[in-house]
Trainee: 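There's a structure below that I have some questions on.
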Amino acid sequence: MGFLDKDTYQKEKAIRFCLVNNLIPFLEVNVQNYRELSDTATLITDIDVLGVKVDSTGQPKRVVFDCKTLGKTSPINRAFWASGLMNFAACSEAFIILKKKASEAHRLSAKQIDVHLFDDKQFDNYANSCSIDYNIDYAYSTDINNWAKQLNSVKGNDKLEQFLNFLNSDIPLETDCVRALRRFLSALQKIKGELDPAKPKHQSFFYCALSVFTYLMAQIVHDLRNIVDFDASEKTFEKLLKYYIWGGKNSFNHKKSMTELFSSQNEASTNSEPTLKEWPEFIELTRKLMDSPASIQECIHPIRELSFRAIVDKTSSKEINLSESINSNSRIFQFTYLMARYLVNSAQLPSDFTSMIDNAFAEIREL
């Protein structure tokens, strides 16, 4: 399992805790410098598991899970380290899973800075009080071996490895969701030639990318819901969306000026305004997602399950669990299909990726 060997069972505990508490888990998240000032990229630290949830205001809540032995660092000092990390990475809470108990005084002191100190047993008891499903291997996501298999599936392909690291580390720590969206779509465009829908590992990769896109759209649509009138005309909606995606009117005009300058020097370029790829389809997608903003986030877990399902042996109980999850809300298939179609069209991916979504849902819903 490579770098996942250390504290693997504790990381699985953290993943399961995230899942039963409706947090989106990200494994081995690299924390980069605020600005890189050297020729070689360096990392500050890594987060063993990061749980993220988009709240009712559209803002992501981030929870750190740190899996460490006591070693030479006292529990309270580890809590102080976690507090600094939380502040740097815009996280609101941290759980430190220790192999030995911390004193009650250290635990109480740590709680004052939103850090929870638990040993293995204490964490299990706390997690079980949240949901009895915590101890059950009920989904493809609850087995950390599946996470390792997905990470290892892209080994040897530098472009896919870099993109997967981008999805796993940059996106969940990005505080500006529209900037993250622009970076995501640009990065996906660059690796489009690497993906073959006939290969299970590439199917898994596409689902993974789709789940991250869904996470970003959940934030964006929640934002727009608070600023766009439901009876706004198409023209007004497009203008607001255009300014929003490019960081405001001033940023849009600056980008437009640069685009016009490029167009004047490039005869092949005809578009004088900055737009996302397949802009009309993105507008349509956004308007449809605004019909039920809360349903967008509900798509993420089923999509993640499909991602692991593509590369592991199928299990009857997990298939049924996935079927129940998909059938719980009719919007899940509708929204997933629309978002997948947009990604395929905007990045010019093989259309078989869209058919793959349709076929997978049809198969699972019949269970």
Side-chain angles (χ1 to χ4, degrees), residues 54 58 60 159 163 166-167 170-172 174-195 205-228 232-263 266 268-291 293 296-297 299-300 303 334-351 353-354 357:
V54 181
K159 290 184 178 180
F163 186 75
F166 168 72
L167 296 181
D170 292 42
I171 295 294
E174 175 61 72
T175 56
D176 185 337
C177 58
V178 289
R179 181 171 60 190
L181 174 70
R182 296 195 304 268
R183 292 181 62 200
F184 169 84
L185 293 175
S186 176
L188 182 62
Q189 180 78 18
K190 291 176 182 177
I191 57 100
K192 63 181 180 181
E194 304 294 320
L195 298 178
F205 192 92
F206 176 77
Y207 280 124
C208 182
L210 178 59
S211 71
V212 171
F213 178 61
T214 304
Y215 163 66
L216 293 174
M217 291 305 297
Q219 297 174 68
I220 287 169
V221 170
H222 271 91
D223 268 357
L224 292 171
R225 181 186 64 170
N226 293 325
I227 61 175
V228 177
S233 66
E234 288 187 19
K235 186 176 181 179
T236 299
F237 180 79
E238 179 179 359
K239 182 179 73 172
L240 289 172
L241 182 60
K242 181 169 55 180
Y243 289 161
Y244 172 80
I245 290 296
W246 294 102
K249 182 178 179 180
N250 291 338
S251 294
F252 173 81
N253 286 336
H254 176 68
K255 182 72 175 177
K256 182 179 179 181
S257 298
M258 295 179 64
T259 303
E260 290 173 344
L261 178 62
F262 175 78
S263 298
N266 185 356
S269 179
T270 58
N271 192 358
S272 63
E273 284 196 354
T275 58
L276 299 181
K277 297 285 186 180
E278 300 297 324
W279 176 242
E281 185 175 348
F282 182 79
I283 296 172
E284 179 187 6
L285 170 65
T286 307
R287 292 202 75 141
K288 288 182 176 179
L289 294 179
M290 287 183 68
D291 289 341
I296 306 170
Q297 191 167 209
C299 300
I300 297 175
I303 295 172
Q334 178 192 4
F335 284 179
T336 300
Y337 183 83
L338 289 173
M339 288 185 286
R341 188 180 66 183
Y342 173 73
L343 287 189
V344 167
N345 292 339
S346 64
Q348 297 178 312
L349 297 172
S351 60
F353 279 117
T354 308
I357 300 282

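Heavy-atom basis, side chains included; hydrogens, waters and symmetry copies ignored.
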Trainee: Restricting to non-hydrogen atoms, name the atom on Ala209 and the atom on Leu167 that form the minimum distance, rounded to 0.1 Å.
Mentor: CA-CD1, 3.8 Å

Trainee: Donor-acceptor pairs under 3.5 Å, side chain of residues 188-195 to any protein atom, not counting sequence neighbours: which ones?
Mentor:
unit_1, atom_1, unit_2, atom_2, d
Lys192, NZ, Gln348, OE1, 2.8
Glu194, OE1, Asn157, ND2, 3.1

Trainee: What residues, two or more places apart in sequence or in another chain, satisfy side-chain hydrogen bond (donor to acceptor under 3.5 Å, both in side chains) together with Gln334?
Mentor: Arg331

Trainee: State which residues pass ring pair (Phe, Tyr, Trp, His ring centres under 6.0 Å) with Tyr215; sequence neighbours excluded, sorted by chain then number.
Mentor: none

Trainee: Arg179: what forms a side-chain hydrogen bond (donor to acceptor under 3.5 Å, both in side chains) with it, not counting sequence neighbours?
Mentor: Glu174

Trainee: Looking only at heavy atoms, what is the nearest atom pair of Ala340 and Leu210, with distance?
Mentor: N-CD1, 3.7 Å

Trainee: Taking the side chain as C-beta and beyond, is there a heavy-atom pair between Ile357 and Tyr207 under 4.5 Å?
Mentor: yes

Trainee: Does the side chain of Tyr244 reach to within under 4.5 Å of the side chain of Val228, using non-hydrogen atoms?
Mentor: no

Trainee: Closest approach of Lys277 and Tyr342, non-hydrogen atoms and distance?
Mentor: O-OH, 2.7 Å

Trainee: Under the ring pair (Phe, Tyr, Trp, His ring centres under 6.0 Å) rule, collect the residues that match up with Phe184, sequence neighbours excluded.
Mentor: Phe213

Trainee: Taking all atoms of both residues into account, what is the closest heavy-atom pair of Val344 and Ser351, and its distance?
Mentor: CG1-CA, 4.0 Å

Trainee: Excluding sequence neighbours, so at least two apart, what forms salt bridge (Lys or Arg N to Asp or Glu O under 4.0 Å) with Asp170?
Mentor: Arg183

Trainee: Please name all residues satisfying ring pair (Phe, Tyr, Trp, His ring centres under 6.0 Å) with Phe206, sequence neighbours left out, ordered by chain then number.
Mentor: Phe353

Trainee: Is there a donor-acceptor pair under 3.5 Å between the side chain of His254 and the backbone N or O of Asn250?
Mentor: no

Trainee: Do you know the tightest heavy-atom contact between Lys256 and Pro274?
Mentor: CA-CD, 3.6 Å

Trainee: Compile the donor-acceptor pairs under 3.5 Å between side chains in residues 235-242 and protein atoms, sequence neighbours left out, one pair per line.
Mentor:
unit_1, atom_1, unit_2, atom_2, d
Thr236, OG1, Ser233, OG, 3.0
Glu238, OE2, Trp279, NE1, 3.1
Lys242, NZ, Glu273, OE1, 3.4

Trainee: Going from CZ on Arg287 to CG on Leu224, what distance comes out if it is rounded to the nearest 0.5 angstrom?
Mentor: 11.0 Å

Trainee: So, for Ser211 and Ile300, which heavy atoms are closest and what is the spacing to 0.1 Å?
Mentor: O-CG1, 4.1 Å

Trainee: Roughly how far, to the nearest 0.5 Å, is CZ of Arg182 from NZ of Lys255?
Mentor: 8.0 Å

Trainee: Arg225 side chain to Met290 main-chain N or O, any donor-acceptor pair under 3.5 Å?
Mentor: no

Trainee: Got a second to check how far Leu343's CG is from Thr354's OG1, nearest 0.5 Å?
Mentor: 9.0 Å

Trainee: Who pairs with Glu278 by side-chain hydrogen bond (donor to acceptor under 3.5 Å, both in side chains), at least two apart in sequence or on another chain?
Mentor: none

Trainee: Tell me which pairs pass salt bridge (Lys or Arg N to Asp or Glu O under 4.0 Å) where either residue lies in residues 208-221, with sequence neighbours left out.
Mentor: none

Trainee: To the nearest 0.5 Å, what is the distance between CD1 on Ile296 and CG on Leu289?
Mentor: 4.5 Å

Trainee: Can you tell me which residue pairs pass the salt bridge (Lys or Arg N to Asp or Glu O under 4.0 Å) test with a partner in residues 337-347, sequence neighbours excluded?
Mentor: Glu281-Arg341

Trainee: Starting at OG1 of Thr214, measure out to CZ of Phe335 and round the result to the nearest 0.5 Å.
Mentor: 11.0 Å

Trainee: Rounded to the nearest 0.5 Å, how far does OH of Tyr337 lie from SG of Cys299?
Mentor: 15.0 Å

Trainee: What residues form a salt bridge (Lys or Arg N to Asp or Glu O under 4.0 Å) with Lys249, not counting sequence neighbours?
Mentor: none

